[in-house]
Amino acid sequence: MTATTPSRRAAPGPPARFAADEVWGRRAGRMLRPFAQGRSGPTAAERERIATALRAGDPLADGVLGAIADRRTSMVRVHEALRAAVAGEPVPTGEPDELRRFVDSVTRIPDWVDPELAARGARACMRAGLTGQDVLGDLALLGGYRPAATTAVLVATGRLTGEGTARRVGETMAWWHAVAAPDGWRPGRPGWEMTVHVRLMHARVNRTMLSKGWDVEAKGLPINQADMAATNGLFSATFLLGTLVLGIPHSPADARAVMHLWRWMGHVMGVEEQFLHSAPRRGLRDMYHFLRTSPPPDGDSRVLAESLLASYGGTEFPHAAALRGRLDIARHRSIATYLNGPAGMRELGLRPALPWFPALVIPANLLLHGAATVSPRVRVAVERRGDRRIRRQIARYSRGAVTPLV
């Protein structure tokens, strides 16, 4: 096989990044451990599962990109095949088997998907509103830079550094919002379309990075199953935990629903079933183990973190932009310190701050979302409020217009 076949598995044995500094891994995972099922470090079998996943890619998406490279299909024809399948029509004749298998994998809803449960999960996500977006930015993104697992890829692609950082964050928000919109997760809807687009984009990044001499023995595949599963976990199990500690209580049924929604989205994204969980604590166990076996922060971690924090001050405010930009940076610094800890901030080269904003927002969230748990009318109002506020945030981060991902 060629050097640009991302789904191949290299020589046996974990890449050098795996458990490169277990002392750091235990220290970094200390805050997550109490919430993880079992609260123990990874067993030998679990370690092997993660080590293997670091070398595993996405064979179905890789096959489509290979067929495009061989001129047996094109991206235009890929989208035509997807639209046909969503409409209940067969994939056009003459298309390669690689495309047919990929289309089937993302358009056929498995028997385990419960549409009502997925819809409930989407509503729970939307109710989290701007607090949910803060968790995605200050825990999922910023905290995700702490282990130097994906930082080299992000810096190399340039998507989350420099002046375009805020816009890229806005695009991520737009994708998340599209998934959480009514029926957004269904095949043919915007959330699903964006997810499929991201999956194919990941496959393209893998091929490009490998062709440029990416060191698989040291780092595993550029975008691999372990890192894909960890990213999906940030949107599900970690999202639930982050919003909870910021004052948004989730009923057991709502928590399972959020996990169910992102289990399906992870499936569409190409994450292996072994990493897609129904129970939040089981998902957090994986997240704890990913952190335990990840490499410590590096220079790229600090570049990404500084760029993200600075981007909050460069978003478009309608009035008193300079002052509000400084206040927004301070707000996010406060949230990030609360969620990642002072040590986590210092590891990223960022100055910790007092958690003044969580001290303000937690009581407000407890009051509002507590009322939503007992009143259907309040619950619907909170969902609509979350939708409106997230839309305004997306527009602000994207400087007035979100760049379509598809």
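Side-chain atoms are counted along with the backbone in the values below, which use heavy atoms only and exclude waters and symmetry mates.
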Presence of salt bridge, Glu46 and Arg49, under 4.0 angstrom: no
Test salt bridge (charged side-chain N to carboxylate O under 4.0 Å, His left out) applied to Asp387 and Arg391, Arg389, Arg384, Arg385, the passing residue: Arg391
Pairing of Arg331 and Asp134 as salt bridge, 4.0 angstrom limit: yes
Leu139 side, atom CG; Leu339 side, atom CG - distance, nearest 0.5 Å: 5.0 Å
Sequence-distant partners of Leu234, side-chain contact (heavy atoms from CB on, under 4.5 Å), two or more places apart: Ala140, Thr238, Met287
Electrostatic pair Arg100:Asp104 at N-O distance under 4.0 angstrom: no
For the student: nearest non-hydrogen atoms of Pro363 and Ala359, plus distance: CD-O, 3.2 Å
Salt bridge present between Arg207 and Asp62 (N-O < 4.0 angstrom): no
Which atom of Ala148 lies closest to which atom of Pro296, heavy atoms considered: CB-O, 3.1 Å
Arg281 CZ to Leu241 CG distance, which is reported to the nearest 0.5 Å: 10.5 Å
Ring-face cation contact, Trp24 with Arg292, 6.0 Å cut, 45° max: no
Test: Arg333 and Asp138 ion pair at under 4.0 Å: no
Residue pair Pro280 / Ala255: nearest heavy atoms and the distance that separates them: CG-CB, 3.8 Å
Option passing salt bridge (charged side-chain N to carboxylate O under 4.0 Å, His left out) with Asp254 (candidates Arg379, Arg127, Arg123): Arg127
Residues forming a side-chain contact (heavy atoms from CB on, under 4.5 Å) with Ala310, sequence neighbours excluded: none
Glu383 with Arg120: basic N within carboxylate O range, under 4.0 Å: no
Heavy-atom closest contact (Pro358 atom, Leu246 atom, distance): CB-CD2, 4.0 Å
Non-hydrogen atoms of Arg199 and Gly270 that approach each other most closely: CZ-CA, 3.4 Å
Side chains of Ser307 and Thr165, donor plus acceptor under 3.5 Å: yes
